[in-house]
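For reference, the structure discussed in these notes is given below.
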Amino acid sequence: MKKILTFTLPLLILSGCSSSSIWGWYVIDPRTNTGWINIKFLISGMGDTILISVIAATISIILGLLVAMPGLSNRWPIRMINRVYVEFVRSIPLLPMLFWVFYGLPIIFQSMGLNVPIDPFWGAIITLAISDSAFTAEIYRAGIQSIPKGQSEAAQTIGLTYSQSMRYVILPQAIRRILPPLANQFIYIVKMSAFASVIGMQELTRRANELVVTEYRPLEIYTLLILEYLVLVLIISAGVRWLERRMGADER
């Protein structure tokens, strides 16, 4: 109940801010039947936004770590795997990549004799995961390289292999340092998930666009959309700060 009041209070304030005919806050006024239906329609897209973001972020974290590891090698041919991937992916704008994945990737599969359709849901996830993985890889690389070399040398002296040293010694320390930038990347994914609306994904932005077409009130509806993203990001930020305290990532 508290969350509902927190979310609807700004709407009540906006709905009463002006009685001029140029304003149409009634379309998102929770006190009216139409306004409440519109609000529920918009909020119903939040589930897909969160689901896309969580899955894409999870894949990005795993893929980013795999991409970061070659960048830590002493051999330049292996390091080039990291550099080529990172520079190539980072140079591609998200929207063209989304179109390529959604429209182009199925054609590539067909040329290989595979019938693998890509729906808007997975098209958005694949695009966000690949795009973010390049940035996540650089975060991992910087975090791991920030750990003193004496840590890995000490791990080797007690008989740990390279993979064991990374798993039990280096990565746990690096995660504490890279948690804030990883959280920023998750917020980035949440916001960039709005691009999924252009391929028909029924997330927050797509529902707002559909409502604008029927109600013809872009200012009021997009204002509510911005409030939805604001609330979502604030909740994520609060959760990350709690996690930082639990892990000691905010210790000076």
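Nothing fancy with the numbering, it's 1 onward along the sequence. Nothing here was measured: the structure is a model prediction, and the numbers come from that model.
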Does one hydrophobic cluster hold both [X] and [Y], with members joined at side-chain heavy-atom distances below 4.5 Å?
X    : Y    : answer
L51  : V231 : no
L128 : V198 : yes
I55  : I62  : no
I126 : V67  : yes
V89  : L66  : no

Looking at [Y], is its backbone amide N or carbonyl O close enough to the side chain of [X] to form a donor-acceptor pair, meaning the two atoms are under 3.5 Å apart?
X    : Y    : result
D29  : G35  : no
R177 : S146 : yes
S73  : I78  : no
R79  : N74  : yes
T136 : D132 : yes

Minimum side-chain heavy-atom gap [X]-[Y] below 4.5 Å:
X    : Y    : value
L72  : Y140 : no
N209 : Y222 : yes
P93  : F195 : no
E138 : N82  : yes
S60  : F135 : no
I61  : Q185 : no
I92  : I130 : no

What is the minimum heavy-atom distance between [X] and [Y], and which atoms define it?
X    : Y    : result
I52  : S193 : CG2-CB, 4.5 Å
P70  : I81  : CB-CB, 4.3 Å
A174 : I147 : N-CD1, 3.9 Å
G200 : P120 : C-CB, 4.3 Å
S165 : L160 : OG-CB, 3.6 Å
I59  : A129 : CG2-CB, 3.7 Å

Please tell me whether [X] and [Y] have a donor and an acceptor in their side chains that are separated by less than 3.5 angstrom.
X    : Y    : answer
Y229 : T205 : yes
D48  : Q202 : no
T32  : T34  : no

Kindly indicate, with the supporting measurements, whether the criterion salt bridge (charged side-chain N to carboxylate O under 4.0 Å, His left out) is fulfilled by R207 and E210.
CA-CA 5 Å; R207 290 185 177 271; E210 291 179 356; 5.4 Å; no
Does anything in residues 103-127 form a side-chain hydrogen bond (donor to acceptor under 3.5 Å, both in side chains)? List the pairs, not counting sequence neighbours.
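As it turns out, there is no side-chain hydrogen bond (donor to acceptor under 3.5 Å, both in side chains) pair with a partner in residues 103-127 once direct neighbours are skipped.
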Working note: L211 + L224, criterion side chain to side chain contact (heavy atoms under 4.5 Å, CB included); need CA distance, chi angles, decisive distance, verdict.
CA-CA 11 Å; L211 198 56; L224 176 57; over 6 Å; no
Rounded distance (nearest 0.5 Å) linking atom [atom1] of [X] with atom [atom2] of [Y]:
X    : Y    : atom1 : atom2 : answer
R245 : L243 : CZ    : CG    : 10.0 Å
S237 : W242 : OG    : CH2   : 15.5 Å
L94  : M192 : CG    : CE    : 7.0 Å
L42  : I37  : CG    : CD1   : 12.5 Å
I43  : K40  : CD1   : NZ    : 10.0 Å
Q173 : I175 : CD    : CD1   : 11.5 Å

Test side chain to side chain contact (heavy atoms under 4.5 Å, CB included) applied to M166 and M69, step by step:
CA-CA 10 Å; M166 292 297 296; M69 298 311 292; 3.7 Å; yes
Is it the case that over 12 heavy atoms from other parts of the model lie below 6.0 angstrom from the CZ atom of F41?
yes
Is there a side chain to side chain contact (heavy atoms under 4.5 Å, CB included) between I144 and L171? Walk through the geometry before answering.
CA-CA 7 Å; I144 292 173; L171 281 179; 3.9 Å; yes
When Ile, Leu, Val, Met, Phe, Trp and Tyr are grouped by side-chain heavy atoms lying under 4.5 Å apart, directly or through other members, which residues fall in the same group as V84?
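Its cluster mates, by chain and number, are W76, M80.
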Looking at R206 and E203, does any basic side-chain N land under 4.0 Å from a carboxylate oxygen?
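Salt bridge: no.
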